[in-house]
Number of protein chains: 2
Amino acid sequence: MATISDVARAAGVSPATVSRVFNGGRVTAERAERVRKAAAVLGFSPNRVARSLRTQRASVIGLLVPDVEDPFFASLARGVEDTALRGSLSVVLCNTDDDVEKERRYLDVALAEQMAGVIVAAASRTRTDLSGLVARGMPVVAVDRRPRAAEVDAVTVDDRHGAEDATVHLLERGYERVACIAGPAGTSTSEDRLAGYRSAMRDAGTSDEQIHDRTRHGDFRVEGGHAAMRELLALPERPDAVFVANNLMALGALQALREADVEPPAFGVLSFGDLPWASLVRPPLTTVQLPSYDLGASAAELLQDRVAGSGKPLQTVVLRTVLRVRDSTRGPAPRPA
Amino acid sequence: MATISDVARAAGVSPATVSRVFNGGRVTAERAERVRKAAAVLGFSPNRVARSLRTQRASVIGLLVPDVEDPFFASLARGVEDTALRGSLSVVLCNTDDDVEKERRYLDVALAEQMAGVIVAAASRTRTDLSGLVARGMPVVAVDRRPRAAEVDAVTVDDRHGAEDATVHLLERGYERVACIAGPAGTSTSEDRLAGYRSAMRDAGTSDEQIHDRTRHGDFRVEGGHAAMRELLALPERPDAVFVANNLMALGALQALREADVEPPAFGVLSFGDLPWASLVRPPLTTVQLPSYDLGASAAELLQDRVAGSGKPLQTVVLRTVLRVRDSTRGPAPRPA
DNA sequence: GGGCGTCGAGAAAACGATTACAACGAGGGC
DNA sequence: GCCCTCGTTGTAATCGTTTTCTCGACGCCC
């Protein structure tokens, strides 16, 4: 690779001048032209590593998600990447597997790598520690999940209302014993969605004991949804519908239902979080659609502002969910009169 | 952040000694201990940017895929990331959208960023140009799709045989007019799969004209599959089964079938490339399972070898596909005798 | 015409690590 | 006892940029 000095020599100027040409310094038109020509001939493009070292700012941001194989986070990642590209930032992808230790190691890398900033879907609301980054002046944006300490910008969805609306929908459709497969304790999304479910159930007159009995916690993964659904089906007072707190667990729940020969919509199924194939499953699945792409895009925009040095006060952007009603919640079989 | 000199001062040694402690140089045990203690106290970890500049080698690799929202590439990305992590490399994610120009820009970034290497699922077999990177000594591994110029390592699947087996399966199940929704011309995966389909059809005695008439090209995306399926359904001699060359187009094809009230398995549907929900669609979809994760993992391993300076001759690793038979190809309705 | 402000360009000092080289001390062989 | 060798350590150069000075030239105003 040609260096800035090579270009300088070829154009008969100093390296400083070349740098100024590429960074918008004041250079006479004639010299700038000579530099540009020389750079083109030599195929020069500034070494970003050296630039980073000097400016103490990289053109790379980190994106920490639990698992990019989850369609929700894949879409979010896509939103981040598209937006970052427009700001000529590169995105380093990190899968944390919701493992706080793994997450911590990645955050250390972000520091050592002098990344321009980090977007993180925190593995744990209480145990994820972003204060080290913040203290060292690294811009951080929380996405999807709120971290406990509120010292960073955040982009989330309105989990609580989304879950409440969804649960109300199930009740309105005539289901009488609506169960809930919640996420793991300790993530804000899980807790908020559970809160929404509970709130709707209480409003409908269900007792706290019943609500508690009909709630299971999964791990936001297929297997967890499967196991939780089996437990729910084994209850003495078997539920007739389930609100599942994320897409992958809904997949597991559907499998469990199929194994037990229980079919929607006689048994109502509603997934919080869309699935690309939700309309193809028979019957098509009612879902709460999450603006996953926009979540990523907004987070990336917010981060870019911070990287550029915006001094705005911290903000939390909350995006809306949309209930997409399909056949899986059409209503229970009419009861014999 | 503490620098190496800070640590050196705190430990009462020279920066060189600190560096040696961290890079396996010869240092007396007593001093090494002092250095480690000082580093721990100061929370020091070597600045990777400075290290990269000095050693001319980064700890970041680029991963260029068409679209990480495609479950196939998401899984592949996951394989790359997991493997890279073990070698303490970070992965920069780049979505090319199969756009050669966008891909070229990303390759330029890889150079400017001095990345350790690049794994690329080439946007085009003929127009993707990796020679610039290779000429500058950057390790490159092609994944999933073979580039034309064979001067790089590659990890692919056995597309041709997989497609041939799949087509044979459809024929064996009694379908008589097996159509094909192929990918865009110009990618090796598309061409190899089409070749496999053709080969099986010819062996079954189908004429080249008929084969040609029953073939449509899509863009590897949902919409392309949808459009192609509609065209196929409108043929005067309507096919009774379709071999779809990738997962997303299969999704589109299924939608088109549903809109036309055509149901598998009376109409056979087989997807090349798995879908996480293939078993949930009714009827469950027969697929050719691709080792997407392993594809990524192998590519990352190969790249790490190269980064470490392995002088082995170039290699191409070909992974096997597995035909996963499900109900969508159970066979056509028995014909009236 | 002199002083002053402005603008452009170059020299050189960072940024924080690695590493070639030289220096130094100790130990062993003769 | 001297010299050679070997193993550790420190000094300083280096990677390729950006950026702060400094300097010179130029133009303008009084």
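Order of the sequence lines sets the chain letters (A, B, ...), proteins ahead of strands, with each chain counted from 1. The analysis underlying the following values was restricted to heavy atoms, covering all of them including side chains, and did not include hydrogens, waters or symmetry mates.
- Without hydrogens or angle criteria, A:Ser292 side chain to A:Leu76 main chain gives no donor-acceptor distance under 3.5 Å.
- When the side-chain nitrogen and oxygen atoms of B:Arg48 are compared with OP1 and OP2 of C:dA17, none of them lie within a distance under 4.0 Å.
- Side-chain N/O atoms of B:Arg26 and base N/O atoms of D:dT8 include no donor-acceptor pair closer than 3.5 Å.
- Of the candidates B:Asp82, B:Leu85, B:Thr83, B:Ile61, B:Ile61 is the only one forming a side-chain contact (heavy atoms from CB on, under 4.5 Å) with B:Val91.
- Counting distance only, with no hydrogens placed and no angle test, the side-chain atoms of A:Arg54 and the base atoms of D:dT17 include no donor-acceptor pair under 3.5 Å.
- Donor-acceptor pairing under 3.5 Å is lacking for the side chains of B:Asp294 and B:Ser298.
- Separating the CZ atom of A:Arg51 from the C1' atom of D:dC15 is a distance of 16 Å, rounded to the nearest angstrom.
- Taking 4.5 Å as the limit, every side-chain heavy atom of A:Arg105 sits out of range of all side-chain heavy atoms of A:Val109.
- Rounded to an integer number of Å, the gap from CG of B:Leu53 to P of C:dA14 is 17 Å.
- Atom-to-atom, CZ of B:Arg20 to P of D:dG10 comes out at 8 Å; the value is rounded to the nearest Å.
- The residue A:Thr28 sits close only to the backbone: its heavy atoms come under 4.0 Å of sugar-phosphate atoms, none of a base.
- If you look at A:Phe220 and A:Phe72, their ring centroids are not closer than 6.0 Å.
- Residue B:Gln56 places no side-chain N or O under 4.0 Å from the OP1 or OP2 atom of C:dT18.
- At the heavy-atom level, A:Thr3 lies under 4.0 Å from the strands shown only through sugar-phosphate atoms.
- Distances shorter than 4.0 Å separate none of the side-chain N or O atoms of A:Ser14 from OP1 or OP2 on C:dA11.
- Put simply, CD1 on A:Ile4 is 14 Å from C1' on C:dA9, counting in whole angstrom units.
- One finds a side-chain N or O of A:Ser19 lying less than 4.0 angstrom from the OP1 or OP2 phosphate oxygen of D:dT18.
- Between A:Asn47 atom CG and D:dT18 atom P the separation is 9 Å, expressed in whole Å.
- We find that CZ of B:Phe22 is positioned 9 Å from P of C:dT18, with the value rounded to whole Å.
- The residue among B:Val49 and A:Thr17 whose nearest nucleotide of DNA chain C lies closer to the 5′ end is A:Thr17.
- If you measure from atom CZ of B:Arg57 to atom C1' of C:dT19, you get 15 Å, rounded to the nearest angstrom.
- When the nearest nucleotides of DNA chain D are assigned to B:Gln114 and B:Val27 by heavy-atom distance, the more 5′-ward of the two goes with B:Val27.
- Going from atom CZ of A:Arg34 over to atom C1' of C:dA9 covers 11 Å, rounded to whole Å.
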